[in-house]
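Scope of the values below: all heavy atoms of this structure, side chains included, with no hydrogens, waters or symmetry mates. By convention in this document, chain letters (A, B, ...) are assigned in the order of the sequence lines, proteins followed by strands, and residues within each chain are numbered from 1. Here the structure is a predicted model, which is why all the values come from computation and not from measurement.
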There are 2 protein chains.
Amino acid sequence: MSQLETLLKKYNLSVTEGRKKILQLFLDANAALEHATIEQNAPSLDRVTIYRTLQSFVEKGIIHTIPTTDSSIKYALCKDECGHGHHHDNHVHFLCNTCGTTFCIEQVTIPKIKLPAGFVSQQADLVVSGRCNLCNQN
Amino acid sequence: MSQLETLLKKYNLSVTEGRKKILQLFLDANAALEHATIEQNAPSLDRVTIYRTLQSFVEKGIIHTIPTTDSSIKYALCKDECGHGHHHDNHVHFLCNTCGTTFCIEQVTIPKIKLPAGFVSQQADLVVSGRCNLCNQN
DNA sequence: AATTAATTGCAACAAAGTTTTATTTTTTTG
DNA sequence: CAAAAAAATAAAACTTTGTTGCAATTAATT
């Protein structure tokens with residue numbers, strides 16, 4: 001049984017060509033992907049299938065969404081702690097304004113934020129934008 | 001000259017009914033608004049006019065965008081420091097999972113984040129989600 | 001008040017996302 | 001391993017969201 005199949009089974013998803021393909025894209029990417037990018041890289045898959053696959057990956061805790069200020073949605077692989085219904089992706093995200101890539105910065109966790117009285121925090125998302133390490137080399 | 005007119009002139013925008021109406025909505029709201037909400041509350045305005053007005057308000061530094069994990073875009077009033085082309089909205093945003101409202105938490109600024117070598121930060125956005133002060137009273 | 005410049009509304013269009021249904025594929029079970 | 005059941009897919013139709021060009025209107029300038 002391939003790595004992909006093992007991974008999908010682990011998250012209680014049946015193994016299909018589409019899911020394997022999309023999961024492979026995430027494993028290869030090392031960065032966040034959006035629907036349009038996946039559509040380009042997996043032309044054999046129907047648009048709707050990609051929507052549904054992303055949705056079920058999020059539900060199962062395989063990938064998480066990353067906030068953006070435009071109207072796009074970006075997705076990236078979760079680490080092991082995430083499972084069905086509960087995400088624990090409390091790391092910083094970095095968006096490079098030069099190359100457009102979005103990275104998970106796993107090493108940097110989001111600091112605790114002290115909120116005004118009455119506000120109770122359940123989750124925090126922190127997106128830093130600027131110039132990434134690769135773009136700074138050139 | 002009304003408060004609204006003064007404000008629009010200050011930002012070098014000509015005074016029109018639509019702009020006054022939309023600016024008023026923001027002043028009244030005390031929370032972030034999205035396109036759909038404005039469309040509902042200003043039915044006399046054309047959809048396209050609302051898109052264009054929001055765009056010019058962002059350009060002039062009257063409002064700023066707030067990142068979301070879904071594909072919506074939220075806008076909220078800026079404070080005085082913002083001007084044409086340069087925003088300085090380094091405060092935390094709070095999204096209430098109960099009532100759905102998004103607030104600017106002006107009192108809380110975003111902490112400096114130490115990034116891995118090679119990454120240069122230009123801007124940071126921090127969205128905390130949970131339960132707001134109003135929802136916690138009930 | 002007349003001219004110029006900017007904004008608006010409308011229509012047409014393009015892109016993004018959803019829903020339904022029939023077909024195909026995967027999983028389960030005997 | 002084959003048949004039955006369950007789940008996933010593709011295709012079509014549709015809804016929502018955002019954009020562009022242009023003529024008509026409104027605001028600013030002189």
Side-chain angles (χ1 to χ4, degrees), chain A residues 1-26 32-60 62-63 65-75 84 100 102, chain B residues 1-25 32-60 62-63 65-75 84 100:
Chain A
M1 190 155 64
S2 80
Q3 180 205 7
L4 290 172
E5 293 179 13
T6 313
L7 212 47
L8 288 171
K9 295 241 174 190
K10 179 183 156 195
Y11 287 100
N12 279 310
L13 288 169
S14 46
V15 177
T16 68
E17 284 312 307
R19 286 176 181 168
K20 283 198 285 185
K21 178 94 194 183
I22 293 178
L23 185 51
Q24 185 68 65
L25 287 176
F26 276 105
L33 300 176
E34 44 191 275
H35 183 275
T37 315
I38 295 169
E39 203 174 333
Q40 286 166 14
N41 288 293
S44 66
L45 297 179
D46 190 85
R47 227 160 48 84
V48 180
T49 302
I50 298 173
Y51 281 115
R52 285 193 275 232
T53 303
L54 290 171
Q55 201 174 294
S56 64
F57 280 12
V58 171
E59 276 168 16
K60 298 293 183 180
I62 300 178
I63 61 178
T65 54
I66 300 170
T68 62
T69 43
D70 60 15
S71 59
S72 76
I73 311 182
K74 302 207 168 189
Y75 302 88
H84 188 156
T102 299
Chain B
M1 192 155 64
S2 80
Q3 179 204 9
L4 291 172
E5 293 178 14
T6 313
L7 212 46
L8 288 171
K9 295 239 175 190
K10 179 183 156 194
Y11 288 99
N12 279 310
L13 287 169
S14 47
V15 177
T16 67
E17 284 310 306
R19 287 177 180 165
K20 283 198 285 185
K21 177 94 194 180
I22 292 178
L23 185 51
Q24 184 67 63
L25 287 176
L33 300 176
E34 44 191 273
H35 182 275
T37 314
I38 295 169
E39 206 175 331
Q40 286 166 14
N41 289 292
S44 64
L45 297 178
D46 191 83
R47 224 160 51 83
V48 180
T49 302
I50 298 173
Y51 280 116
R52 288 193 274 229
T53 303
L54 290 171
Q55 202 172 295
S56 63
F57 279 13
V58 171
E59 276 167 16
K60 299 292 182 180
I62 302 180
I63 60 177
T65 54
I66 301 170
T68 62
T69 44
D70 59 17
S71 59
S72 76
I73 310 181
K74 302 207 168 187
Y75 303 88
H84 188 153

Nearest-angstrom distance from the residue atom [atom1] of [X] to [atom2] of [N]:
{"X": "K20(B)", "N": "dT7(C)", "atom1": "NZ", "atom2": "C1'", "result": "14 Å"}
{"X": "K9(B)", "N": "dA27(D)", "atom1": "NZ", "atom2": "P", "result": "11 Å"}
{"X": "D46(A)", "N": "dT19(C)", "atom1": "CG", "atom2": "C1'", "result": "13 Å"}
{"X": "R19(A)", "N": "dA10(D)", "atom1": "CZ", "atom2": "P", "result": "12 Å"}
{"X": "K21(A)", "N": "dT26(C)", "atom1": "NZ", "atom2": "P", "result": "16 Å"}
{"X": "E34(A)", "N": "dA15(C)", "atom1": "CD", "atom2": "P", "result": "15 Å"}
{"X": "I22(B)", "N": "dT8(C)", "atom1": "CD1", "atom2": "C1'", "result": "12 Å"}
{"X": "H35(B)", "N": "dT16(D)", "atom1": "NE2", "atom2": "C1'", "result": "11 Å"}

| query | What is the minimum heavy-atom distance between R19(A) and S14(A), and which atoms define it? | reply |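 So the two residues come closest at NH1-O, 3.0 Å.
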| task | Measure the shortest side-chain to side-chain distance between L54(A) and I38(A) over non-hydrogen atoms and say whether it is less than 4.5 angstrom. | result |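 Yes, close enough: below the 4.5 Å cut-off.
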| query | Does any non-hydrogen side-chain atom of L8(B) lie less than 4.5 Å from one of F57(B)? | reply |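 F57(B) vs L8(B): side chains touch.
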| query | In this structure, are over 12 heavy atoms from other groups packed under 6.0 Å from E39(A) atom CD? | reply |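 It does: E39(A) CD has more than 12 such atoms within range.
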Considering every strand and a 4.0 Å limit on heavy-atom distances, what is the contact class for [X]: base, sugar-phosphate, or nothing?
{"X": "S56(B)", "value": "nothing"}
{"X": "R47(B)", "value": "base"}
{"X": "S72(B)", "value": "nothing"}

| query | Quick one: on DNA chain D, does Q55(B) or S14(B) contact a more 5' nucleotide (nearest heavy atom)? | reply |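 Looking at DNA chain D, the more 5' nearest nucleotide goes with Q55(B).
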| Toward the 5' end of DNA chain D, by each residue's nearest nucleotide, V15(B) or S71(B) |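 It is S71(B), whose closest nucleotide lies nearer the 5' terminus.
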| field | R52(B) (side chain) and dG9(C) (base): donor-acceptor pair under 3.5 Å | value |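 Pair found.
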| If each of T16(A) and T16(B) is mapped to the nucleotide of DNA chain C with the nearest heavy atom, which maps nearer the 5' terminus, i.e. the 5' end? |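 Its nearest nucleotide lies further toward 5', so the answer is T16(B).
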| request: Among the candidates dG18(D), dG17(C), dG9(C), find the nucleotide nearest to the side-chain atoms of L45(B). | output: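 Taking heavy atoms from C-beta onward, the closest nucleotide is dG9(C).
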| message | Starting the side chain at C-beta, find the nucleotide from dT27(C), dT9(D), dA11(C) nearest to V48(B). | response |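 When the side chain of V48(B) is considered, dA11(C) is the closest of dT27(C), dT9(D), dA11(C).
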| field | Intermediate values then yes/no, side-chain contact (heavy atoms from CB on, under 4.5 Å), T49(A) and T16(A) | value | CA-CA 11 Å; T49(A) 302; T16(A) 68; over 6 Å; no
